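Since the structure comes first, as structure tokens, the remarks are kept for the end.
Within every chain, numbering begins at 1; the chains are lettered A, B, ... in the order of the sequence lines, protein sequences first and strands thereafter. All values below were derived from every heavy atom in this structure, side-chain atoms included, with hydrogens, water molecules and symmetry-related copies excluded. Every value quoted in this text rests on a predicted model; they were computed, and no experiment measured them.
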2 protein chains.
Amino acid sequence: MSETRNVDNFRATPLPAYQRIAAALRDRITSGELAGGERLPTEQELTEEWGVARQTVRNGIAVLVSEGLVVARRPLGHFVRQRENMLYRPQGESRDQPASPEMDRFCQQITEEGRKPSQTIDVSLIHAPPDIAQRLQVDPGTVVVARRRVRYINGEPVNINDSHFPFHLVKDSEIMSPADVARGTNQALADLGYPQDRAIDEIFTRMPTPEQIRRLGLGPGTPVAVHYVTGYIADGTPVRCTVNVLPSDQHVIVFERKFERTWS
Amino acid sequence: MSETRNVDNFRATPLPAYQRIAAALRDRITSGELAGGERLPTEQELTEEWGVARQTVRNGIAVLVSEGLVVARRPLGHFVRQRENMLYRPQGESRDQPASPEMDRFCQQITEEGRKPSQTIDVSLIHAPPDIAQRLQVDPGTVVVARRRVRYINGEPVNINDSHFPFHLVKDSEIMSPADVARGTNQALADLGYPQDRAIDEIFTRMPTPEQIRRLGLGPGTPVAVHYVTGYIADGTPVRCTVNVLPSDQHVIVFERKFERTWS
DNA sequence: GCGGCAACATTGACTAGACATTGTTCGGGC
DNA sequence: GCCCGAACAATGTCTAGTCAATGTTGCCGC
């Protein structure tokens, strides 16, 4: 096989073969020559085309898989991944921010064409994990109410949405029932005497934990965005901490900001 | 798009060895037994411990690397990655949103302890790529001003920040000079008669392109957040489109929202 | 026509090696 | 003491194979 290797230009150290294979395939994908959903050459074909061992080809493909560009569908082959973005609009939850014409434009671009949403809800009392405890300003291990949702579209899980409330605030309320709260839990909280005045949004991006991979049925090479929303009432007491986990290949997070005092 | 969904609550066949190795190491890391910066057992040691071939051990470690939990430092071994978050606060750019006490709390938690920031600025005229053109509502290929910044802390690149303006708006202005604009480009835009009234924020998370890996010196297993800000003046005309690229292992994106009409 | 079964193609997992590459360490020469 | 080079230890790359797992396809019997 060493003959075919001479084709390289003589650089200090040429890129290893598997990276050259990955780069060549990546180019064909990003250039559009291989479109979303299309099948890549089989490992066998690539082995012959490049004159390397099958394992080397597999290493190259593994690079693309970990970049989220390619998925395997055994035993059919490897396929270029389809990306299809879906809007995720944190501000939509508060129903009081009238969308501006520009916002509408953005929303229209990614329309939901007859997708069927559904969800599962599970309410339980848990000891607050550190991240939640810190945001709700309680001691870690304090009992809080966790309202865990997984949202589906056309049967596919797309979104984890876990809301946490201090137990004494929502005890015996509607929020404790594992059913949809039609008017929204924020309205329900307000009805209990805790109207939220403001919220802080934090967004992290990470590779998912195995637990998140399981709950969202994720493929490899898919990072997730973790979005914390901590809601406060007027006196600064936090009353809600929501954790949203979004597979990044399905969501765009969109905010709109108005500048109260304009630059003048 | 069901592409890859492993819904394996029950597994007839036991997990493959490399995944068991990965899981065992991951447990030791997340439990804190192996702390950030610590060295993993060598491949040789793991090979003997598990009684498998070296390649199998390597596959297991590769899983952790692609999850961003582990990095290799040849020829010393594999090390548990240190994560250190830094605040990224889009609203900070507008200097008119007084931070609430809660916001301050969040900022204080991640203090910058004597870090030395620096940046490079590069201004050029470019043909608008599709993503920018769409947001500035111009035809793709139209000439726009690109003000490209890379921000460094302690000499390490941490952030790409590319602002784009329609050429005719900023022609001959201070914005065209490749130097820092002390009062901020938004103020400069306002002084030119284009005060921004509102902005739309979009956040995507992706595995980085090779180009982004190069500019930010990223390691493997690091997703990036791509943050677009499109600024509009009162009549709805977009006057600015900024693209921020943030390595996710270094940033938390933080927003604060005030509810104009409170749930009552 | 139709249900079920077997062959098939393809990826997945793994082995047992070889040689390359590269920071580190340490000892010898000056 | 200091510099340089060699040995070293660890990961990086690659080969050539074996056997397993699994959707798909098409054939066969009914």
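D:dT15 atom C1' lies 16 Å from atom CD of A:Glu48, rounded to whole Å. Rounded to an integer number of Å, the gap from B:Leu15 CG to D:dA20 P is 19 Å.
Scored by the ring pair (Phe, Tyr, Trp, His ring centres under 6.0 Å) test, A:Tyr228 finds A:Phe204 as partners (sequence neighbours excluded).
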Whether each nucleotide of nucleotides 7-13 of chain D has a protein heavy atom under 4.0 Å at its base (B), only at its sugar-phosphate (S) or at neither (-) is summarised, 5' to 3', as --BBBBB

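In this structure, A:Arg20 contributes its side chain and A:Leu15 its backbone to a donor-acceptor pair below 3.5 Å. The backbone N or O of B:Leu34 lies less than 3.5 Å from no partner atom in the side chain of B:Arg28, so there is not a single donor-acceptor pair.
Closest approach of A:Phe79 and A:Gly37 over heavy atoms only: CD2-O, 3.3 Å.
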Can I get a per-line list of side-chain donor-acceptor pairs under 3.5 Å for residues 51-62 of chain B, giving both atom names and the distance, sequence neighbours left out?
| unit_1 | atom_1 | unit_2 | atom_2 | d |
| --- | --- | --- | --- | --- |
| B:Arg54 | NE | B:Glu43 | OE1 | 2.6 |
| B:Arg54 | NH2 | B:Glu43 | OE1 | 3.0 |
| B:Arg58 | NH1 | B:Glu43 | OE2 | 2.7 |

